[in-house]
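Index from 1, following the sequence. Both backbone and side-chain heavy atoms feed into the values below; hydrogens, waters and symmetry mates do not.
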Amino acid sequence: MFTGIIETLGEISQLEKDGGNLHITIASQVAKELQIDQSMAHNGVCLTVVSLGEDIYTVTAIDETLQKTNLGDLKIGDSVNLERAMILGSRLDGHIVQGHVDQTGTCTSIEEKDGSWLFSFEYDVSLNNPTIEKGSITIDGVSLTVVDSGTNTFNVAIIPYTYEHTRFHAYEVGSKVNLEFDVIGKYVAKLLNPISKP
């Protein structure tokens, strides 16, 4: 479990294909505090630490993860949002994040708003993942509040701190992002709109 509050950015230092798997090595200041078998969220994707170095660590993404997230698009030097698993009993500053990406979305516009930014995203609605006005959404692991929820679109407002300390400063129109929809919101939506079986 995660909170969607990004701890730090990491940098991709090595990518190694191994059949359908991709071994991803990340340089990060948190590497010294990690242990083998710990869970880390990378752009919102929960992966297990499989090896450690001085200031680096490695995780492995399987083919299904590469197909359903933006991790398959990573290049050497890219930054990734990092969060360690939450500690039970501490404050939940974001929202309940599983680290299981539902699908990807695409950035459609970026608008500066007097010191903050408004980002717009669209996604494939056929996968039945709803956004809820003022509900939570996780974008590349960042816990955010939905603004202007549409059928297949939504906006998020980004404050300067989030813009500077996450991957948001690197996004462009067309950037592909990982989306994890609010698990509570999805449950409520299914209760309100049950799918009838023939």
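Side-chain N or O atoms of E180 include one that pairs as donor or acceptor with a backbone N or O of G99 at under 3.5 Å. Of the possible polar contacts, one joining the E83 side chain to the G4 backbone as a donor-acceptor pair under 3.5 Å is found. Side chain of S13 to backbone of T25: a donor-acceptor contact under 3.5 angstrom is found. Judged purely by atom type and a 3.5 angstrom limit, S175 uses its side chain to pair as donor or acceptor with the backbone of E172. For the pair R167 (side chain) and S79 (backbone), a donor-acceptor distance under 3.5 Å is present. Within the 3.5 Å criterion, the main-chain N or O of F119 finds no donor-acceptor partner in the side chain of E111. A side-chain donor-acceptor contact under 3.5 Å links T166 to the backbone of T162. Formation of a donor-acceptor pair under 3.5 Å by the S149 side chain with backbone atoms of T131 is found in this model.
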- Message: Could you go through D182 and I137, starting from their C-alpha distance and side-chain angles, then the distance that decides it, and tell me whether this counts as side-chain contact (heavy atoms from CB on, under 4.5 Å)?
- Response: CA-CA 6 Å; D182 185 359; I137 185 81; over 6 Å; no
- Item | Verdict with reasoning, V177 to Y171, per side-chain contact (heavy atoms from CB on, under 4.5 Å) | CA-CA 9 Å; V177 297; Y171 292 157; 3.7 Å; yes
- Message: Using side-chain contact (heavy atoms from CB on, under 4.5 Å), reason through N21 and D63 one step at a time and then give a plain yes or no.
- Response: CA-CA 6 Å; N21 299 331; D63 185 61; 5.6 Å; no
- Should S39 and F2 be marked as a side-chain contact (heavy atoms from CB on, under 4.5 Å) after you check the CA-CA gap, both sets of side-chain angles, and the distance that decides it? CA-CA 10 Å; S39 295; F2 302 91; 4.3 Å; yes
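N178 and N70 share a donor-acceptor pair across their side chains, judged by distance under 3.5 Å alone. A donor-acceptor contact closer than 3.5 angstrom links the side chains of Q103 and N129. E122 and T106 are not linked by any side-chain donor-acceptor pair at a separation below 3.5 angstrom, with hydrogens and angles left out of the test. Under 3.5 Å, the side chains of H23 and T60 contain a donor-acceptor pair of N or O atoms. With no hydrogens or angles considered, no side-chain donor-acceptor pair links S28 and E11 at under 3.5 Å.
Note that OG of S116 is 11.5 Å distant from OH of Y163, once rounded to the nearest 0.5 Å. From T104, atom OG1 reaches atom CG of L127 across 9.0 Å, with rounding to the nearest 0.5 Å. One finds the OG1 atom of T138 at 12.0 Å from the CG atom of N43 (value rounded to the nearest 0.5 Å). Remark: N81 CG to H165 NE2 distance equals 12.0 Å, nearest 0.5 Å. H100 contributes atom NE2, which lies 5.5 Å from atom SG of C46 (distance to the nearest 0.5 angstrom).
Cluster annotation: I110 is connected to I158 through the hydrophobic network of ILVMFWY side chains, with a link wherever side-chain heavy atoms come within less than 4.5 Å. Neither V147 nor L179 shares a network with the other; the hydrophobic side chains, linked directly or stepwise wherever heavy atoms of I, L, V, M, F, W or Y lie under 4.5 Å apart, form separate groups for each. Transitive grouping of hydrophobic side chains (ILVMFWY, heavy atoms separated by less than 4.5 Å) keeps L118 and F154 in distinct clusters.
Taking the six-membered ring where the residue is Trp, the centroids of Y161 and F168 are separated by 6.0 Å or more.
Closest heavy-atom contact between P160 and W117: CA-CZ3, 3.8 Å. Minimum heavy-atom separation, R84 to E33: NH1-OE1, 2.8 Å.
The number of heavy-atom neighbours closer than 6.0 Å to NZ of K176, taken from other residues, nucleotides and ligands shown, is above 12. Around CD of E64, the count of heavy atoms belonging to other residues, nucleotides or ligands within 6.0 Å does not exceed 12. Residue E112 places its CD atom among more than 12 non-hydrogen atoms of other residues, nucleotides or ligands, all under 6.0 Å distant.
Screening T153, T108, N155 for a side chain to side chain donor-acceptor pair (under 3.5 Å) involving S120 leaves a single residue, N155.
Grouped by direct or indirect side-chain proximity (heavy atoms under 4.5 Å, Ile/Leu/Val/Met/Phe/Trp/Tyr only), I24 sits with I12, L15, L22, I26, V30, L34, I36, M40, V45, L47, V49, L52, Y57, V59, L66, L71, L74, I76, V80, L82, V101.
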